[in-house]
Novice: 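Quick one: structure below, then a few questions.
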Amino acid sequence: MVLRRTVRSCRQSRGGPLTHLSGNLSPPNPRERTSAPPVIHLSAPDVGPLEESYLVSALRSGWVAPVGPELAAFEREIADRVGVAHAVALSSGTAALHLGLLALGVGPAHVVVVPTLTFVATANAVSYTGARPVFVDCDPATGNIDVALLAPLLEQLRSSGRQVGAVLPVDIFGSCADYSALLPICAAAGVPVVEDAAEALGAVHRGRPAGSFGHAAVLSFNGNKIITTSGGGMLLSDDGVLAERVRYLSTQARLPLPHYEHPEVGYNYRLSNLLAAVGRAQLRRLDHMVTRRRQLRKLYADLFAAVPGVRLLAHSDDLSNCWLTCIVVDPEAAGWRARDLADHLAARGIETRPIWKPLHLQPAYAGAEALVTGAAQHLFENGLALPSGSVLTEHQRATVLTAITAFLDN
Ligand SMILES: *Cc1c(COP(=O)(O)O)cnc(C)c1O
């Protein structure tokens with residue numbers, strides 16, 4: 001087993017800033033250039049009259065800037081839902097990861113173990129602390145962190161004199177990492193765990209909700225997540241000291257004194273009271289939204305069941321929130337590639353996405369250490385996330401399924 005350094009690809013790094021300023025703020029996606037803008041999105045926000053009424057009430061209450069009763073209520077309700085003692089509402093999931101790591105003492109002396117198959121925010125939060133991420137590959141069946149690699153990796157890092165500040169498992173696409181195996185390994189190595197449950201609110205692993213694992217866990221309420229506050233996040237923990245430290249750091253490390261007293265450098269990372277009101281309305285609708293995503297996954301599972309060379313990216317046996325349903329295509333057996341289906345759907349205004357590009361292949365993390373088997377790269381090259389939003393109407397669902405069926409019939 002060899003830890004290797006990732007290599008910067010010349011083609012990726014020579015794009016230059018101008019190519020990114022060509023009038024399109026979304027990531028360049030060659031497939032979509034010739035198509036009309038999508039009308040059926042991957043995972044659009046699911047908001048309506050309930051969110052509107054909560055937001056308007058919060059506005060009329062006068063608690064506009066920045067803290068207030070909605071914030072405290074949102075924290076209490078999420079903590080109760082997930083079954084943890086403490087919750088701190090923050091401006092993003094990334095901010096929650098950053099402060100969670102800082103509160104655990106992670107800094108420039110450390111490395112942090114991060115799955116390579118995740119959104120870049122997971123590793124960026126590590127970088128903000130001055131620590132360096134060490135990437136580890138995924139289970140080819142589920143896309144979640146390959147727990148079999150973890151014990152040898154921790155041992156290798158220890159014996160080469162590195163201090164591991166934390167392990168940061170991600171509940172990928174709304175399906176929990178294998179905590180039953182992972183937590184004992186980390187405990188034996190004396191390494192704290194921060195659960196990146198940004199995609200997983202509403203999921204369950206062996207009877208325990210996502211967001212309740214590790215020393216701290218993180219949720220995201222970004223626009224495309226299972227519930228949204230348009231932007232926001234939360235730090236969850238049973239450790240009251242840790243949660244208080246995060247709360248303090250998120251409000252410019254200000255002491256509760258009449259004058260402004262700051263013993264150290266803090267951050268402006270608190271969620272606003274108005275957005276917390278939107279979050280409370282969303283939380284009331286969480287079960288409904290998860291049910292709708294699970295229905296959609298079932299429809300895809302039935303559709304692809306008899307299609308050779310196609311599988312759904314598996315979930316652990318436990319209850320996923322089905323945030324995004326992904327397929328993995330074996331081009332030999334299927335006779336087509338994932339990107340062929342993506343092109344077909346894009347031409348019909350239906351948005352799809354490749355599975356996360358592994359972070360050890362990202363130019364931003366060129367040179368980072370990585371323990372890779374090729375599993376994440378395989379999923380990136382052969383996977384596709386399908387429209388999975390709870391907001392899709394019956395008609396839109398039917399449009400997507402019909403378009404896929406037409407593609408398969410060809
Ligand atoms: C969305 C996401 C984040 C970051 O959340 P933001 O609220 O967008 O900052 C972190 N990790 C994962 C796995 C995510 O999907």
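Any value given below was found using the heavy atoms of this structure, including those in side chains, with hydrogens, waters and symmetry copies removed. Counting starts at 1 for both ligands and their atoms, following the listed order.
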Novice: Run the salt-bridge test on Asp343 and Arg339 with the 4.0 Å N-O cut-off and return the result as yes or no.
Specialist: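 Between Arg339 and Asp343 there is no salt bridge, as every charged N stays at least 4.0 Å from the carboxylate O atoms.
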Novice: Applying salt bridge (Lys or Arg N to Asp or Glu O under 4.0 Å) as the test, list every pair that has at least one member in residues 206-228; sequence neighbours left out.
Specialist: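 Every candidate salt bridge (Lys or Arg N to Asp or Glu O under 4.0 Å) pair involving residues 206-228 fails, so no pair, neighbours aside, qualifies.
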Novice: Do the two ring centres, one from His315 and one from Phe173, sit under 6.0 Å apart?
Specialist: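 They do not qualify: ring centres at least 6.0 Å apart.
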Novice: Sequence neighbours excluded, which residues qualify as side-chain hydrogen bond (donor to acceptor under 3.5 Å, both in side chains) partners of Thr325?
Specialist: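 Applying side-chain hydrogen bond (donor to acceptor under 3.5 Å, both in side chains) to Thr325 gives none.
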Novice: Is the distance from the ring center of His360 to that of Phe135 below 6.0 Å?
Specialist: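 Aromatic pair excluded; centres sit 6.0 Å or further apart.
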Novice: Sequence neighbours left out, what passes side chain to side chain contact (heavy atoms under 4.5 Å, CB included) with Asn273? Give chain and number order.
Specialist: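 Scan of Asn273 (side chain to side chain contact (heavy atoms under 4.5 Å, CB included), adjacent residues dropped) gives Trp63, Pro69, Glu70, Leu71.
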Novice: Filter the ligand 1-protein atom pairs down to N or O on both sides and distance under 3.5 Å, then list them.
Specialist:
residue	atom	partner	partner atom	Å
ligand 1	5 (O)	Ser220	OG	3.2
ligand 1	7 (O)	Gly93	N	2.8
ligand 1	7 (O)	Ser220	OG	2.7
ligand 1	8 (O)	Asn222	ND2	3.0
ligand 1	9 (O)	Gly93	N	3.3
ligand 1	9 (O)	Thr94	N	2.9
ligand 1	9 (O)	Thr94	OG1	2.5
ligand 1	11 (N)	Asp196	OD1	3.3
ligand 1	11 (N)	Asp196	OD2	2.7
ligand 1	15 (O)	Glu199	OE2	2.6
ligand 1	15 (O)	Lys225	NZ	3.1

